[in-house]
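Just so we're on the same page: letters track the sequence lines, and every chain starts at 1.
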There are 2 protein chains.
Amino acid sequence: MAVTLADVAARAGVSAATVSRVLSGNYPVAGATRTRVMRAVEELEYVVNGPASSLAAASSDLVGILVNDIADPFFGIIAGAVQSELNGPDGAQGSHKLAVVCNTGGSPEQELTYLTLLQRQRAAAIVLTGGAVEDAEHSAALSARLQRLAAGGTRIVLCGRPPLGPALPGQRGPQGHGELPVLTVAFDNRGGARRLTEHLLALGHRAIGYVAGPAERTTTRHRLEGHRSALLEHRGGPVREAEPLTVHGGGYDRSSGYDGALELLRREPRLTAVLAANDTVALGVCAALRDQGLRIPEDVSVAGFDDLPFSADAAPALTTVRLPLHEAGARAGKLALGRQGPPPGGVATVRADLMVRDSTARPRTD
Amino acid sequence: MAVTLADVAARAGVSAATVSRVLSGNYPVAGATRTRVMRAVEELEYVVNGPASSLAAASSDLVGILVNDIADPFFGIIAGAVQSELNGPDGAQGSHKLAVVCNTGGSPEQELTYLTLLQRQRAAAIVLTGGAVEDAEHSAALSARLQRLAAGGTRIVLCGRPPLGPALPGQRGPQGHGELPVLTVAFDNRGGARRLTEHLLALGHRAIGYVAGPAERTTTRHRLEGHRSALLEHRGGPVREAEPLTVHGGGYDRSSGYDGALELLRREPRLTAVLAANDTVALGVCAALRDQGLRIPEDVSVAGFDDLPFSADAAPALTTVRLPLHEAGARAGKLALGRQGPPPGGVATVRADLMVRDSTARPRTD
DNA sequence: CTGTTAGCGCTTTCAG
DNA sequence: CTGAAAGCGCTAACAG
């Protein structure tokens with residue numbers, strides 16, 4: 001039914017091989033032949049059969065991008081950046097890669113399922129974004145699957161998630177030579193959270209609540225660790241009292257922030273500041289505080305994390321930690337295409353800058 | 001290198017055909033054989049070669065989703081909803097489809113490019129989301145490409161974009177029988193904008209500014225038409241004066257709102273209300289007004305469109321028009337998979353409900 | 001520079 | 001219910 005290479009070849013009066021060569025453009029072909037072929041292609045409106053060429057060439061132009069929540073701009077920005085790198089450096093015709101954005105919903109099972117699907121498609125590369133679930137069993141399964149994919153020629157890049165633990169001995173590659181098959185673009189979540197907490201401490205806050213993300217995620221843990229380390233350093237001892245002022249939300253969403261803030265207020269009515277797992281959670285926190293008749297920042301300071309576009313426009317503008325999402329995604333995209341040499345140690349860490357805006361201020365002194 | 005069907009067949013002591021039948025599960029196979037095959041599959045960690053099976057079966061399990069801006073939750077929500085419909089109705093094993101989310105950046109060329117890429121992959125279905133660019137040449141090219149895709153067996157669904165004009169005579173299908181090949185889930189942008197404007201009018205506003213989206217998009221035009229029709233009806237005549245109070249932003253983004261509001265204020269300092277192209281633009285409008293020392297809604301009322309999650313949490317909570325994005329995406333997904341019969345006329349229109357919140361109030365009476 | 005010749009790995013009649 | 005065999009449409013040696 002559809003027009004095939006052979007049809008084009010017949011029309012142009014050449015062999016199928018020649019047409020293939022013209023189309024892929026990686027082989028010398030006489031100018032006259034080339035134009036003749038191209039004309040036949042146009043006249044017939046020929047479109048390559050992807051599956052057939054992938055099968056024959058044992059390669060595909062699909063690149064997988066795994067995200068926890070596609071409706072969250074955090075992931076949208078990263079995915080968009082990765083995708084923007086996928087079209088040839090100079091907009092070259094042939095080098096078009098197709099991004100397959102997979103929405104795992106943060107579920108480990110879905111993550112594995114999608115990896116299987118991508119393996120089935122013989123994806124050229126896969127970028128896994130966002131924090132990982134910390135579960136020994138899942139980590140092992142994930143790691144194994146990733147190793148197999150890498151062994152099959154699929155490039156693997158982690159973006160915004162911590163590097164994989166060292167490969168088990170004898171598992172790192174067919175030849176066992178030291179090259180890590182999995183590259184990482186990591187966020188400095190610890191450092192960012194530490195600086196944010198230090199900022200609050202410097203303003204004079206002492207009763208600081210923290211609405212953390214889901215307990216089992218690496219991002220949650222790292223940000224919390226940064227927060228705790230700042231408190232610890234400031235007090236010069238283990239932070240026992242900090243514990244009760246941390247609540248874990250069910251997700252990185254608005255309602256977790258709302259509920260979390262209420263819970264925090266119940267535990268410690270004299271709270272003067274609340275740190276949120278991210279900007280979206282912070283918005284929920286703000287809503288809850290306002291509903292309780294508290295002003296921001298006069299009564300309670302609030303800070304987020306990520307610096308998503310809407311944060312600067314919130315009222316009051318949100319103090320937060322800026323993560324260079326676009327830059328990180330672009331970097332991951334380049335690494336995925338092998339367009340950029342691997343960073344030292346296979347891990348690139350991008351900075352996390354404190355953005356002080358209007359939602360944080362000195363605590364009331366009454 | 002990779003393990004193939006033949007390997008599995010050998011291990012299970014059956015023919016390749018049998019393994020294929022077990023795996024696709026669409027053909028009677030003896031229970032004992034089936035378990036034997038499954039065991040071999042597990043032991044060998046066999047993963048089907050997608051390209052090969054697509055080639056042989058002349059079909060693929062890829063579903064394309066075209067979005068204008070993947071970083072915008074408007075599209076993220078729709079894409080996520082479509083995707084959630086892609087895994088079998090009951091989570092069935094075999095029916096896994098892979099969503100290919102393509103970020104066109106609103107560019108007609110990119111749109112066409114991605115359609116070619118998807119055609120190359122022989123995508124099972126394609127969902128085009130968001131408003132279309134109104135340009136005769138592009139519309140024709142798009143329509144032609146879509147018809148060809150549909151003719152090739154790819155299901156096409158439009159979500160949040162108006163239905164395609166009627167197919168040119170003799171172009172609608174090989175047989176020419178009346179069935180429309182392209183299904184549509186449309187938003188009631190006109191009605192929503194009209195109701196929103198009526199709300200403002202009812203509050204007593206007369207100097208209403210409008211920060212529209214990019215001029216050439218259908219969504220922009222429809223919302224503007226709804227707005228104008230409400231004004232017209234109210235004044236009982238053609239709205240000549242309304243014209244100067246409309247500015248077009250360069251995009252559906254925050255800065256368009258900011259700049260647009262400033263421009264509006266310059267043209268009409270006595271403005272008492274501003275309608276924005278969407279919620280994101282509205283946030284920019286709010287920021288600009290605040291920067292000018294104006295209070296919302298005391299000095300100026302502001303309203304958005306879409307009702308994205310952050311809108312309810314804005315300060316003040318944004319009056320807007322709620323579009324059932326998730327529902328629409330899910331509907332589109334079902335239609336794309338042929339899991340739901342086509343709506344009458346091939347077009348389903350989803351409602352657009354007015355959400356009155358705190359950013360609109362009666363104008364000052366001084 | 002171009003044509004010929006084998007497959008890539010799977011699905012699918014068609015026989016048994 | 002199972003096997004044998006014939007491609008699906010393209011690419012990649014290998015000759016010329």
**Item:** Rounded interatomic separation in angstrom, taking CZ from A/Arg120 and P from C/dG9
**Value:** 16 Å
**Request:** Using the side chain to side chain contact (heavy atoms under 4.5 Å, CB included) rule, take A/Val347 and A/Leu158 through it: C-alpha gap first, then chi angles, then the decisive distance, then the call.
**Result:** CA-CA 9 Å; A/Val347 180; A/Leu158 307 182; over 6 Å; no
**Prompt:** Just by distance, with hydrogens left out, do B/Gln121 and A/Asp61 show a side-chain donor and acceptor under 3.5 Å apart?
**Reply:** yes
**Prompt:** Starting at CZ of B/Arg36 and ending at C1' of D/dT2, how long is that distance when rounded to a whole Å?
**Reply:** 11 Å
**Message:** Is the shortest side-chain heavy-atom distance between B/Gln119 and B/Thr154 below 4.5 Å?
**Reply:** no
**Message:** From the set C/dT2, C/dG9, D/dG3, return the single nucleotide nearest to any side-chain atom of A/Arg21.
**Reply:** C/dT2
**Prompt:** Between C/dC10, D/dA4, C/dG3, which nucleotide gets closest to the side-chain atoms of B/Ala17?
**Reply:** D/dA4
**Asked** What nucleotide among D/dC10, C/dC10, D/dT2 has an atom nearest to a side-chain atom of A/Leu5?
**Response** D/dC10
**Under-3.5 Å donor-acceptor pair between B/Arg122 side chain and D/dG9 base** = no
**Asked** Mapping B/Ala30 and A/Ala16 to their closest nucleotides on DNA chain D, which lands nearer the 5' end?
**Response** B/Ala30
**Request:** Specify the separation, in whole Å, of atom OH of A/Tyr27 and atom C1' of D/dA12.
**Result:** 9 Å
**Asked** Counting N and O atoms only, with roles assigned by atom type, does the side chain of A/Ser59 sit under 3.5 Å from a partner on the main chain of A/Ser54, one being a donor and the other an acceptor?
**Response** no
**Message:** What residues from residues 47-58 of chain A pass a heavy-atom cutoff of under 4.0 Å to DNA chain C?
**Reply:** A/Leu55, A/Ala56
**Message:** Using whole Å, what does the distance between atom P of nucleotide D/dA12 and atom CG of A/Asn26 come to?
**Reply:** 7 Å
**Message:** Looking at D/dA12, I'd like to know if its phosphate oxygens (OP1 or OP2) sit under 4.0 Å from a side-chain N or O belonging to A/Ser20.
**Reply:** no
**Item:** Test item: B/Arg120 side-chain N/O and A/Gly50 main-chain N/O as donor-acceptor pair under 3.5 Å
**Value:** no
**Asked** Cut-off 3.5 Å, side chains only: do A/Gln110 and A/Asn103 have a donor facing an acceptor?
**Response** no
**Spacing between A/Tyr46 atom OH and D/dG9 atom P, to the nearest angstrom** = 10 Å
**Asked** How is A/Thr33 classified with respect to the nucleic acid when contacts are heavy atoms under 4.0 Å: base, sugar-phosphate, or nothing?
**Response** sugar-phosphate
**Prompt:** Are A/Ser15 and C/dT4 close enough that a side-chain N or O sits under 4.0 Å from OP1 or OP2?
**Reply:** no
**Request:** Check the side chains of B/Ser15 and B/Thr18 for a donor-acceptor pair under 3.5 angstrom, ignoring hydrogens and angles.
**Result:** yes
**Prompt:** Nearest-Å distance, CG (B/Asp61) to C1' (C/dT11)?
**Reply:** 14 Å
